[in-house]
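Since the structure comes first, as structure tokens, the remarks are kept for the end.
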Amino acid sequence: MRESLDETHARGAAHAPRWGVTTIVGVLKETAPGEQRVALVPAQVSRLTARGLRVLVEEGAGLRAGFPDEDYTEAGAALRPRRLVVAEATVVLAVVLPDPETSAQLRDPQVLLGMLDPLGQAAAMAALGTAGVTALSLDQVPRTLSRAQSMDPLSSQANVAGYKAVVVAADAYPGYFPMLMTAAGTVRPAELLVLGAGVAGLQAIATARRLGAVVRGYDVRPDARAEIESLGAKCVDGPSLSAVGEGGYARELTPDEAAQQQAALQAAIRQADVVITTALVPGRRPPLLVTAEVIAAMKRGSVVVDLAAGPLGGNVEGSAPDSRVVTENGVVLIGAGNLAAQVPRAASTAYARNIAAALELLCPDGELVLDVEDELQAAMLVTHGGRVTDDRVLALLGAPEPGGDHERSPVH
Ligand code: NAD
């Protein structure tokens, strides 16, 4: 990446003065279906204005997340119709990539900051690059870098999704989660199993324990197994795999390991009243952990929530995002969609902290200065100087990679 970044730096230097002394950030109302989050909440507006930034907010942008317009103006923001936010902002803030019509209005030298999913949106990135937009994607911050943690939306949003998965499961489950002692007798607690104990899985374990369920968990990383136990849950007796890959993530299991895992988890899945799966491997199809065969052996009324359900498949056979089916034997299978967006106040509050931390990095004295020599900023940068700068996006677009002999990190 060095060679391309040097080039980028030269182009960036030419761009920087045109950003102006006062950085104007613009907050858009999200338009993606089901998206209720907002990129900036009033509490973070004052944090930014204190640094000399101006904040423009599209009218009604925060309403679905529980933040009315007057809360933004009280915090020091100015309200504008969408077209003026897009026209006046130096940095346009978004939760996810804006709709094509809005993206097409962005132009040189505007900056777009959000969870842009550049690897899933390569063509849109190419269009932004050609338009001279500097696209910075927060979902690319290097998560192992400690100073990046405050800007990491994958963690902040997974945390919310893990919580919501338990709430969704409790709602679909026909029984209680806690043990209840009543005059008429004792009600046994629900047994809940969490497969995949990363950020979302650990939050699901903690939430389910607070609701009183008896919780077990499993992960292929030994560190995650220790974290399951530190939350007071039990670890399923499974193969003591140590499938740790790059960046602290899991690696894909070999077919032998996957078969061992499936065999070991069968009994635990059958016994559970609720199963929540969150297992992901960067750049790969999510591992299949709950097969149709084991679902057919589960108790009537059991609930399975697949947080890993996505375009590549999920952890549960037959699950799809935003789907809910009841099997012939009465098991409810829920393929999660965008669960963080369904807890919009909490998710927006956490995301806005990520955004504000990123803006503090990009505007150290209130003025926008892109430093592509900084590994954190370089990792976020997708387009700049009239082109796509991210080598993985370039590879997806079939373009020659600048400085292409370096090792590429896996696509995720
Ligand atoms: P993720 O969403 O990619 O995966 C979720 C979990 O699924 C992971 O714990 C993974 O080990 C697990 N998994 C994968 N294959 C599995 C299988 N076959 N069976 C069972 N479990 C399986 O991961 P994530 O939650 O985004 O992050 C995972 C880890 O990454 C964190 O717990 C942490 O260790 C690391 N991380 C580090 C930092 C940091 O260093 N600051 C920040 C964020 C994440």
Side-chain angles (χ1 to χ4, degrees), residues 115 117 119 138-163 165 193-206 216-231 233 235-266 268-269 272 275-291 294 305-310 312-317 336 338-340 350 354 357 375-376 379 409-412:
M115 290 188 284
D117 182 22
L119 303 177
L138 274 184
D139 43 11
Q140 300 218 130
V141 297
R143 301 173 79 195
T144 45
L145 208 63
S146 62
R147 70 192 172 91
Q149 281 171 15
S150 60
M151 300 166 213
D152 174 11
L154 296 185
S155 287
S156 73
Q157 304 305 293
N159 216 3
V160 180
Y163 162 83
L193 174 66
V194 175
L195 300 177
V199 179
L202 290 173
Q203 181 56 256
I205 288 172
R216 292 204 288 170
Y218 184 73
D219 200 288
V220 290
R221 293 181 299 115
D223 283 359
R225 292 200 288 272
E227 283 171 308
I228 292 169
E229 285 173 355
S230 76
L231 288 173
C235 224
V236 175
D237 289 333
S240 293
L241 296 171
S242 181
V244 184
E246 221 174 289
Y249 289 103
R251 64 161 170 79
E252 192 171 33
L253 300 185
T254 64
D256 266 5
E257 288 171 332
Q260 261 184 59
Q261 185 189 23
Q262 289 230 344
L265 293 180
Q266 290 248 344
I269 296 171
V275 178
I276 295 177
T277 66
T278 78
L280 290 173
V281 178
R284 300 270 178 269
R285 192 190 174 286
L288 180 63
L289 303 179
V290 183
T291 59
V294 74
V305 180
D306 185 1
L307 228 76
L312 297 176
N315 294 146
V316 179
E317 195 165 344
N338 185 357
L339 283 188
N354 301 144
E375 65 173 310
L376 209 171
S409 33
V411 174
H412 59 94

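Start at 1 and go down the list; that is how both ligands and their atoms are numbered.
A salt bridge links R251 and E257; the closest N-O separation between the charged side-chain nitrogens and carboxylate oxygens is under 4.0 Å.
Within the model, atoms OG1 of T277 and CG of L265 stand 11.5 Å from one another, a figure rounded to the nearest 0.5 Å. Atom CZ in R285 sits 11.5 Å away from atom CG in L280 (nearest 0.5 Å).
Under 4.0 Å from ligand 1, the heavy atoms of S155 that appear belong solely to its side chain. Heavy atoms of A279 found under 4.0 angstrom from ligand 1 belong to the backbone as well as the side chain. When non-hydrogen atoms are compared, ligand 1 lies under 4.0 Å from the side chain of V281 (C-beta onward) but not from its backbone.
Between the side chain of Q262 and the backbone N or O of L288 there is at least one donor-acceptor pair closer than 3.5 Å. When atom types are taken as modelled, the side chain of Q157 and the backbone of A340 share no donor-acceptor pair closer than 3.5 angstrom. Checking side-chain atoms of N315 against main-chain N and O of A309 turns up no donor-acceptor pair under 3.5 Å. A side-chain donor-acceptor contact under 3.5 Å links R225 to the backbone of D219.
Atom 29 (C) of ligand 1 has its closest protein heavy atom at R221 NH2, 3.5 Å. The protein non-hydrogen atom at the shortest distance from atom 30 (O) of ligand 1 is G248 O, 3.8 Å. Among all non-hydrogen protein atoms, the one lying nearest atom 21 (N) of ligand 1 is G196 CA, 3.6 Å. Looking only at protein heavy atoms, the nearest one to atom 25 (O) of ligand 1 is V199 N, 2.7 Å. In this structure, atom 5 (C) of ligand 1 lies nearest to the protein heavy atom T278 O, 3.3 Å. Nearest to atom 1 (P) of ligand 1 among the protein's heavy atoms is L280 CB, 3.9 Å.
For ligand 1, the polar-atom distance check finds no N/O of Y218 at less than 3.5 Å from any of the ligand's N/O atoms. Geometrically, ligand 1 and G198 share a nitrogen or oxygen pair separated by less than 3.5 Å. Residue R143 places at least one N or O, backbone or side chain, under 3.5 Å from an N or O of ligand 1. Checked against a 3.5 angstrom limit, the closest N/O atoms of D219 and ligand 1 fall inside it.
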**OP:** Evaluate the criterion side chain to side chain contact (heavy atoms under 4.5 Å, CB included) for residue pair R216 and V194; output intermediate values, then yes/no.
**Re:** CA-CA 6 Å; R216 292 204 288 170; V194 175; over 6 Å; no
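Side-chain contact of S156 with N159: a donor-acceptor pair under 3.5 Å is absent, judged by distance alone. Side chain to side chain, Y249 and R143 meet the donor-acceptor criterion of an N or O pair below 3.5 Å.
The heavy atom nearest to atom 20 (C) of ligand 1, considering only Q149, R225, Q157, Q261, is found in Q261.
Residue contact check: A197 has heavy atoms under 4.0 Å from atoms 9 (O) of ligand 1. Interface atoms of ligand 1 facing T144, defined by a heavy-atom separation under 4.0 Å, are 39 (C), 40 (O).
Between V220 and P222, the shortest heavy-atom contact is O-CD, 3.7 Å.
The nearest protein heavy atom to atom 36 (N) of ligand 1 is not closer than 4.0 Å.
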